Amino acid sequence: MLARAARGTGALLLRGLNILIPVLDRIRYVQSLKEIVINVPEQSAVTLDNVTLQIDGVLYLRIMDPYKASYGVEDPEYAVTQLAQTTMRSELGKLSLDKVFRERESLNANIVDAINQAADCWGIRCLRYEIKDIHVPPRVKESMQMQVEAERRKRATVLESEGTRESAINVAEGKKQAQILASEAEKAEQINQAAGEASAVLAKAKAKAEAIRILAAALTQHNGDAAASLTVAEQYVSAFSKLAKDSNTILLPSNAGDVTSMVAQAMGVYGALTKAPVPGAQDSVSNRNSRDVQGTNGSLDEELDRVKLS
């Protein structure tokens with residue numbers, strides 16, 4: 001769709017039949033109502049952190065009022081292009097270098113709003129603005145690459161440290177579980193061992209009690225005392241035969257060879273515990289005590305004689 005403005009009368013010629021007065025009226029402006037694409041030339045802009053950038057873009061606009069576009073401004077495309085460039089420099093001055101790359105969409109939207117506010121009286125509406133290229137100085141680009149590499153190395157180091165930490169935690173958890181299982185196994189072993197020892201002690205006690213019961217029953221039978229005396233004598237002889245096998249120093253009673261006396265003593269103890277008289281035991285004990293007393297008196301007399309002679 002094309003719109004023409006007639007010079008002289010200032011009338012707007014639309015589609016259809018239009019009458020012009022020769023010499024007085026002639027077509028001066030032809031405006032297209034289609035969307036127009038304008039390349040914004042590359043320009044330099046300084047960011048908030050004092051970095052100079054070379055930036056260009058593409059401007060999309062449409063003429064909404066052909067009369068204003070023809071008589072409101074001399075060259076609407078040039079005016080909008082200059083406005084886009086100045087607005088771009090103004091908006092970039094509000095952002096740092098890092099935010100320029102992150103906030104391109106908001107930057108484009110701010111430029112469109114600023115153009116529409118100024119171009120409303122020109123009958124032109126800016127539909128959108130797109131930044132094409134942003135050229136960074138070589139030294140700044142190198143610094144950015146170094147920053148990216150440092151950030152990647154940092155992430156790698158952090159990931160490696162996290163992996164080491166997770167590994168250490170897993171190893172510690174494994175050792176903890178192993179110690180817990182080992183302690184539980186040791187506890188169960190000790191419980192089983194204690195139960196076994198208790199059962200063994202109980203079994204030994206029962207066996208010993210049964211042996212004592214049988215021995216007591218045997219002693220009440222005929223000639224039980226004689227059998228007990230024979231057993232004591234056998235045990236005495238067996239114990240006497242084992243003397244001086246484990247050590248060179250031994251202690252012997254004065255009557256080590258008197259088996260009858262030892263048996264009589266054992267039977268005397270047995271009789272005293274059971275409160276039952278044992279035949280022949282008292283006589284043997286009395287004879288041995290009398291001999292011990294006589295021996296003690298003789299030793300005292302000999303000691304006194306030695307003292308007098310000295």
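Note that the structure is predicted; figures quoted are calculated from it, not measured.
- One finds the CG atom of Leu92 at 11.0 Å from the OG1 atom of Thr52 (value rounded to the nearest 0.5 Å).
- For Arg62, there are no salt bridge (charged side-chain N to carboxylate O under 4.0 Å, His left out) partners at least two apart in sequence or on another chain.
- Residue Lys206 holds its NZ atom at 9.0 Å from OG of Ser199, rounded to the nearest 0.5 Å.
- Two residues are said to be in side-chain contact when any heavy atoms from C-beta on lie closer than 4.5 Å; Glu186 and Gln190 meet this criterion.
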(Q) For Tyr129 and Thr87: C-alpha separation, side-chain torsions, deciding distance, then whether side chain to side chain contact (heavy atoms under 4.5 Å, CB included) applies. (A) CA-CA 11 Å; Tyr129 179 85; Thr87 305; over 6 Å; no

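- Here the shortest heavy-atom pairing between Ala84 and Gln43 reads O-NE2, 4.5 Å.
- Both Leu33 and Val80 sit in one connected hydrophobic cluster of ILVMFWY residues. Membership requires side-chain heavy atoms under 4.5 Å apart, directly or through other members.
- Expressed to the nearest 0.5 Å, how far CD1 of Ile55 lies from CD of Gln85 amounts to 11.0 Å.
- Listed by chain and residue number, Arg128 satisfy the side-chain hydrogen bond (donor to acceptor under 3.5 Å, both in side chains) test with Glu35 (two or more places apart in sequence, or in another chain).
- Here the shortest heavy-atom pairing between Pro76 and Ala69 reads CG-O, 3.9 Å.
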Could you list the donor-acceptor pairs under 3.5 angstrom formed by side chains in residues 161-171, with sequence neighbours left out?
{"from": "Ser161", "atom 1": "OG", "to": "Thr157", "atom 2": "O", "distance (Å)": "3.2"}
{"from": "Ser161", "atom 1": "OG", "to": "Val158", "atom 2": "O", "distance (Å)": "2.7"}
{"from": "Thr164", "atom 1": "OG1", "to": "Glu160", "atom 2": "O", "distance (Å)": "2.9"}
{"from": "Asn170", "atom 1": "ND2", "to": "Glu166", "atom 2": "O", "distance (Å)": "3.1"}

Name the atoms and distances for all side-chain donor-acceptor pairs under 3.5 Å in residues 107-124, with sequence neighbours left out.
{"from": "Asn108", "atom 1": "ND2", "to": "Arg104", "atom 2": "O", "distance (Å)": "3.2"}
{"from": "Asn110", "atom 1": "ND2", "to": "Ser106", "atom 2": "O", "distance (Å)": "3.1"}
{"from": "Asn116", "atom 1": "OD1", "to": "Cys126", "atom 2": "N", "distance (Å)": "2.7"}
{"from": "Asn116", "atom 1": "ND2", "to": "Val112", "atom 2": "O", "distance (Å)": "3.2"}
{"from": "Asn116", "atom 1": "ND2", "to": "Cys126", "atom 2": "O", "distance (Å)": "3.2"}

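- Side-chain heavy atoms closer than 4.5 Å link hydrophobic residues (I, L, V, M, F, W, Y) into clusters, and following such links, even through other members, never connects Met88 to Val58.
- Considering CZ of Arg102 and CG of Leu97, their distance stands at 9.5 Å, rounded to 0.5 Å.
- Atom CG of Leu159 is separated from atom CZ of Arg152 by 12.0 Å, given to the nearest 0.5 angstrom.
- Residue Glu77 holds its CD atom at 12.5 Å from CD of Gln82, rounded to the nearest 0.5 Å.
- Sorted by first and then second residue, the pairs that involve residues 81-98 and meet salt bridge (charged side-chain N to carboxylate O under 4.0 Å, His left out), not counting sequence neighbours, are Glu91-Lys94.
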(Q) One pair to check against side chain to side chain contact (heavy atoms under 4.5 Å, CB included): Leu48 and Leu95. What are the steps and the verdict? (A) CA-CA 5 Å; Leu48 184 63; Leu95 301 175; 5.7 Å; no

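- Cluster membership for Leu59 and Ile36, using ILVMFWY side-chain heavy atoms within less than 4.5 angstrom, is shared.
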Q: Please test Gln193 against Glu197 for side chain to side chain contact (heavy atoms under 4.5 Å, CB included), starting from the C-alpha separation and ending with a verdict.
A: CA-CA 6 Å; Gln193 185 177 1; Glu197 291 177 356; 3.5 Å; yes

Identify every side-chain donor-acceptor pair in residues 131-140 under 3.5 Å, counting partners at least two apart or on other chains, and give the distances.
{"from": "His135", "atom 1": "NE2", "to": "Glu42", "atom 2": "OE2", "distance (Å)": "3.3"}

